[in-house]
Number of protein chains: 2
Amino acid sequence: MAQPRGQMRNRILDVALELFNEQGYDKTSLREIAERLGVTKAALYYHFKSKSDILLELHLRLHELGRGALDEIDRVGAEKDALNAWPALIDRFVDDLLANRDLFLLHQRNQAAFHEIVDDERHQAENEDIEERFRHVMANPAIPLADRVRMTCSIGAVMVALMGADALFGDEPTERIAELVRSTVHELFPGK
Amino acid sequence: MAQPRGQMRNRILDVALELFNEQGYDKTSLREIAERLGVTKAALYYHFKSKSDILLELHLRLHELGRGALDEIDRVGAEKDALNAWPALIDRFVDDLLANRDLFLLHQRNQAAFHEIVDDERHQAENEDIEERFRHVMANPAIPLADRVRMTCSIGAVMVALMGADALFGDEPTERIAELVRSTVHELFPGK
DNA sequence: GTCTATATTTCGATAGAC
DNA sequence: GTCTATCGAAATATAGAC
C-alpha cells in the first residue's frame, strides 16, 4: 500500500478536513482519520509530526488566500485607495470563499482550535504579518472611520450570507445567491 | 464553604464562560474550572451532571435571546412584514449582542463544540424550534429573494463588525462603532 | 455541598519490526 | 511507508466519607 510520492499526504489532509468539518477538530481523533483512510494511526506520524501539524497545514492554505487578497489590496490600493477598490476586492473575496468553502468552514467552526497552533514557528511569522497587514488597512486614517466600518461590515455580510447559504437558501443555486450578495454589498459603496 | 442556594451554580457558569472564551471549550478541563473557583472537580458534579451540561446551560441563555428576537419579529412582522421591520430588528440585535458579547463569543469561537449537545433532549426541542422559526422567516416567498439575502447580510455585518471591533477599532468607543454599524446596515433598507 | 481517592476511557505519540 | 504494540498523560466521571 505504499503511496507514490506525496499522494498520501494530500489524502490525509483531505480526509482530515472532511472529519474536522463534520465533528470538529477536537472531537476528531487520529484513529478516526486513519480508519477512514484504511491505514493505522502510526502511518499518519510518518507524514505529520503531530495532530496539530495537520491543522496547521490546512491553515496555511488559508494563509495563501489571505496573502493573495492583501497583495491585491496593496496593488489596487496604490492607484486608487483601498476604499475605492473595495467593491472589486469584495468580488474577489466572494470567489475565493466559494472556491474554498471547506477551508473557510474549518476556520469558522474551529476558531478555538487554532489558538493551539499559534506558537508554531512556521505559522507565527506569517500569521502576525497577515493580521498586521490587515489591521493596517483598517487603521488607515486617510479613510473615514465610517467607511472603514463599512468595509468590515461587508466582509461579515459575505461570510455569513454565503457560508449559511445552504441552510437558508438551499433551493437556490449558489451563484444566484453570490450575485445577490455582491450587489448588496456594492450598495454600501455608492460611486466606487 | 457551603454556598447559599444557587450561588455556586452561577459562579461555575461564569468561570466556565470565562475559561471557554480564553482557551476554547475543548481545551478547558473541569480541573481548571474547579481550581479557579477554589474547589475540587468533584464539587462541580454536584451542580452539573457533565461538562457538556455546563456548555448546554450557557447555550440556553442564547436561546432566550433568540426566542426574544423571534417573538419580536413575529410581533412587528404582523403589522408590517419582516422586511419593513428589519432595520428596527437589527437595532435590537446590536443591543443584544453588545449586552451579551461573552455569550456570542462563546458561540462563535466554539461552534464545533455545540454539536456535542445537539442530542440533549432539553436542548433539541428548543433548538430545532428556533432554527425552524428563523428559516421560516428567511424562506418567506412574499419577500423578494434579494431582500432576504440583504437581511442575512445585515446579520453578518453586525456580528463581524462588532465582535471584531476590539481588534480593529480598539481605540474607538464601542458605542461609536455600534452607531456606525447601525447606520451602515440601515442603508441596505432604504425607505424602511 | 465539598472532599479524597479512584475507576475508566481515550488520546497523542513513540519504538521497532517488516 | 505501513504495521503491531505499547507508553504515558490527561480527561471525564463515580464512590463514598465528612
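Letters A, B, ... are given to chains in the order of the sequence lines, protein chains preceding strands, and every chain is numbered from 1.
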Quiz item: A/A42 has a side chain; which of C/dT2, D/dA15, C/dA15 sits nearest to it?
Solution: C/dA15
Exercise. Quickly work out the B/K41 NZ to C/dG1 C1' distance and round it to whole Å.
Key: 18 Å
Exercise. Write down the distance between CD1 (A/I33) and C1' (D/dT2), rounded to a whole number of angstrom.
Key: 17 Å
Quiz item: Does A/Y46 make a side-chain N or O approach to OP1 or OP2 of D/dT2 shorter than 4.0 Å?
Solution: no
Quiz item: Hey, any chance A/V76 and A/V158 share a hydrophobic cluster, counting ILVMFWY side chains that come within less than 4.5 Å of each other, even indirectly?
Solution: no
Quiz item: For A/I54 and C/dC11, what is the distance between atoms CD1 and P respectively, to the nearest whole Å?
Solution: 14 Å
Exercise. Map A/A43 and B/K27 onto DNA chain D by nearest heavy atom, then report which one ends up closer to the 5' terminus.
Key: A/A43
Practice problem: Among the candidates C/dT2, C/dA13, D/dA13, find the nucleotide nearest to the side-chain atoms of B/L30. | Solution: D/dA13
Exercise. Specify the separation, in whole Å, of atom CD of B/E32 and atom C1' of D/dT12.
Key: 14 Å
Quiz item: B/D91: what forms a side-chain contact (heavy atoms from CB on, under 4.5 Å) with it, not counting sequence neighbours?
Solution: B/R182, B/H186
Quiz item: If you check every side-chain atom of A/S29, which of D/dA13, C/dC11, C/dC3 has the closest atom?
Solution: C/dC11
Exercise. For A/S52, answer base if it contacts any base atom (sugar-phosphate contacts may also be present), sugar-phosphate if it contacts only those atoms, and nothing otherwise; contact means non-hydrogen atoms under 4.0 Å.
Key: nothing
Practice problem: Calculate the interatomic distance between B/F48 atom CZ and D/dT14 atom C1'; express it in whole Å. | Solution: 18 Å
Quiz item: Can you check the A/E35 CD to C/dC11 C1' distance for me, whole Å?
Solution: 13 Å
Quiz item: If each of A/K49 and B/V39 is mapped to the nucleotide of DNA chain C with the nearest heavy atom, which maps nearer the 5' terminus, i.e. the 5' end?
Solution: B/V39
Quiz item: Can you check the A/E116 CD to C/dC11 P distance for me, whole Å?
Solution: 15 Å
Practice problem: Identify whether any heavy atom of B/T40 sits under 4.0 Å from a base atom; if not, whether one sits that close to sugar-phosphate; answer base, sugar-phosphate or nothing. | Solution: base
Quiz item: Between C/dT14, D/dT14, D/dT2, which nucleotide gets closest to the side-chain atoms of B/Y45?
Solution: D/dT14
Self-check item: side chain to side chain donor-acceptor pair (under 3.5 Å) against A/D71, all qualifying residues, sequence neighbours excluded
Solution: A/R133
Self-check item: Nucleotide of C/dT2, D/dT12, C/dA13 approaching A/S50 most closely (side-chain heavy atoms)
Solution: C/dA13
Practice problem: Grab the CG-P distance between A/D26 and C/dT10 for me, whole Å please. | Solution: 17 Å
Exercise. Supply the atom-to-atom distance B/L44 CG to B/K49 NZ, rounded to the nearest 0.5 angstrom.
Key: 14.5 Å
Quiz item: Does B/R31 make a side-chain N or O approach to OP1 or OP2 of D/dA10 shorter than 4.0 Å?
Solution: no
Quiz item: A/H59 vs A/H107 aromatic rings, parallel, tilted or perpendicular, using cut-offs 30° and 60°?
Solution: parallel
